[in-house]
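Every chain is numbered from 1 and lettered A, B, ... according to where its sequence line falls, protein lines coming before strand lines. Since the model is a prediction, treat every value here as computed from it, not as a measurement.
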2 protein chains.
Amino acid sequence: MTQHPERNEDPIKSALSGDDGIDFTIIELFFFAYRDFTSDPDQILGEYAFGRAHHRVLHFVNRRPGLTVAELLDVLKITKQSLARVLKQLIDTGHIVQVQGPRDRRQRELYPTAKGRGLALALAAPQSRRIAAALAEAAPGDRAAIERFLLGMVNPEQRTQIDDQTATGDDRRREAG
Amino acid sequence: MTQHPERNEDPIKSALSGDDGIDFTIIELFFFAYRDFTSDPDQILGEYAFGRAHHRVLHFVNRRPGLTVAELLDVLKITKQSLARVLKQLIDTGHIVQVQGPRDRRQRELYPTAKGRGLALALAAPQSRRIAAALAEAAPGDRAAIERFLLGMVNPEQRTQIDDQTATGDDRRREAG
DNA sequence: AAATTTATGTCAGCCTTGTTGACATAAATT
DNA sequence: AATTTATGTCAACAAGGCTGACATAAATTT
């Protein structure tokens, strides 16, 4: 036998592969796909001295106009101190405005301005183009499969939240309010 | 008409939706899916005082044992100074070893140790489970569609690099030496 | 009415992980 | 012998996370 018990410090020369019971193919594809997906808007953000954090805030404020600070924190899963920095910059540059909550005057409802709406669209455009290109090579019906898969990757507790946003595009917040 | 020309500072109350010609559904699903996907290993990494940067290095060293520092930098697209910090920690903790390149003695080939292999597997396991669960809800044939889509999202220049890794699992580096 | 809780803001400091620039060394190449 | 290449390292900086502490106004509870 060429094999002998390896010491802990010995280099392992064999590659980790799908044979190890782990789905490395999709793990790796997911990594590379997401990295290039986020690289598109990074170019544009650089011109504004903004980063990905600004992008995420701007995205969700445009997707759910009028959400409160607490709701935004819940979606982004960051602390209010982290949010404060980027949100302040977006407000100072006139991309987002705050409106005192009508029912609860402690709340601050967040809305995009025309400027903020424009930037959100500009940032999303190349991502949408990339998705369209990837889907163009796909078979009809692939889209449904991809949406199912991506939703299946999300923690179940969070899925309803997403369903609300992606199922249709209109503003249905608090209609029963 | 209720509508009047909006000033730049005015809040926009309508939500950005797919009607704007942008594929917000998949943009958002991709964001949430990736966030939860990366949250799995974060738990484990915390116990080692490691971060995602360590995970990425460990992953690729296990997937391509013997790659050089330059090759790893090319895959990760970070600077050598950024890599140096986390790589040093992984070496100091016995997860990765360096071997002087046999052909070019300036090069450092990177290999996982048994410890590093074990951690890489532990980190990948929950991600693989998440993927399996998402695929379990899918139709047969969905997997192929998903792989096509994810590969289609990657910059074309980088696809060959990925194909090499994911097509099969065995170590085929430099067989033509 | 008073006390408490809630939503938000803000100050201060810390950590990780990215960046650039400069310089050192050994090995390969010209 | 001179130059280029692969790697390492020092120093400084920035973005964007984090925790802890404290302030304020408004809502809620007692």
* **Separation of D:dA6 P from B:Leu67 CG (nearest whole Å)** => 15 Å
* Asked: Between D:dC18, D:dT7, C:dG18, which nucleotide gets closest to the side-chain atoms of A:Ser82?
  -> D:dC18
* To do: Please list every stem that involves DNA chain C, where a stem is a run of 3 or more consecutive Watson-Crick or G-U wobble pairs with both pairing distances under 3.5 Å.
  => C:1-30 with D:1-30
* To do: Looking at every strand, decide which applies to B:Gln100 at a 4.0 Å heavy-atom threshold: base, sugar-phosphate, or nothing.
  => nothing
* Where does the angle between the aromatic ring planes of A:Phe37 and B:Phe30 fall among parallel (under 30°), tilted (30 to 60°) and perpendicular (over 60°)? -> perpendicular
* Considering only C:dT17, D:dT7, D:dG16, which nucleotide approaches the side chain of A:Ala53 most closely? -> D:dG16
* Any N/O donor-acceptor pair, A:Gln81 side-chain to D:dG20 base, under 3.5 Å -> yes
* **Check: B:Lys80 side chain, D:dG8 base, donor-acceptor under 3.5 Å** => yes
* **Sugar-phosphate, base or nothing in reach of B:Gln89, heavy atoms under 4.0 Å** => nothing
* **Salt bridge present between B:Arg130 and A:Asp23 (N-O < 4.0 angstrom)** => no
* Using 30° and 60° as the class limits, which term best fits the ring planes of A:Phe60 and B:Phe32: parallel, tilted or perpendicular? -> tilted
* Ignoring backbone atoms, test whether B:His54 places a side-chain nitrogen or oxygen under 4.0 Å from the OP1 or OP2 oxygen of C:dT16. => no
* To do: Say whether B:Glu28 and A:His59, considering side chains only, have a donor N or O and an acceptor N or O under 3.5 Å apart.
  => yes
* Basic-acidic side-chain contact under 4.0 Å: A:Asp36, B:Arg159 -> no
* To do: Using whole Å, report how far CZ of B:Arg103 lies from P of C:dA28.
  => 12 Å
* Asked: Do B:Arg85 and C:dG18 share a donor-acceptor pair, side chain to base, under 3.5 Å?
  -> yes
* Side chain of A:Gln107 only, please: which of C:dT19, D:dG17, C:dA7 is the nearest? => C:dA7
* With a 4.0 Å cut-off on heavy atoms, is B:Arg52 in touch with a base, just the backbone sugar-phosphate, or nothing at all? -> sugar-phosphate
* Establish whether the base of C:dT6 is bridged to the side chain of A:Arg106 by a donor-acceptor pair shorter than 3.5 Å. => yes
* Structure fact -> Looking only at C:dT17, C:dA28, D:dC18, the nucleotide nearest the B:Arg56 side chain is C:dT17
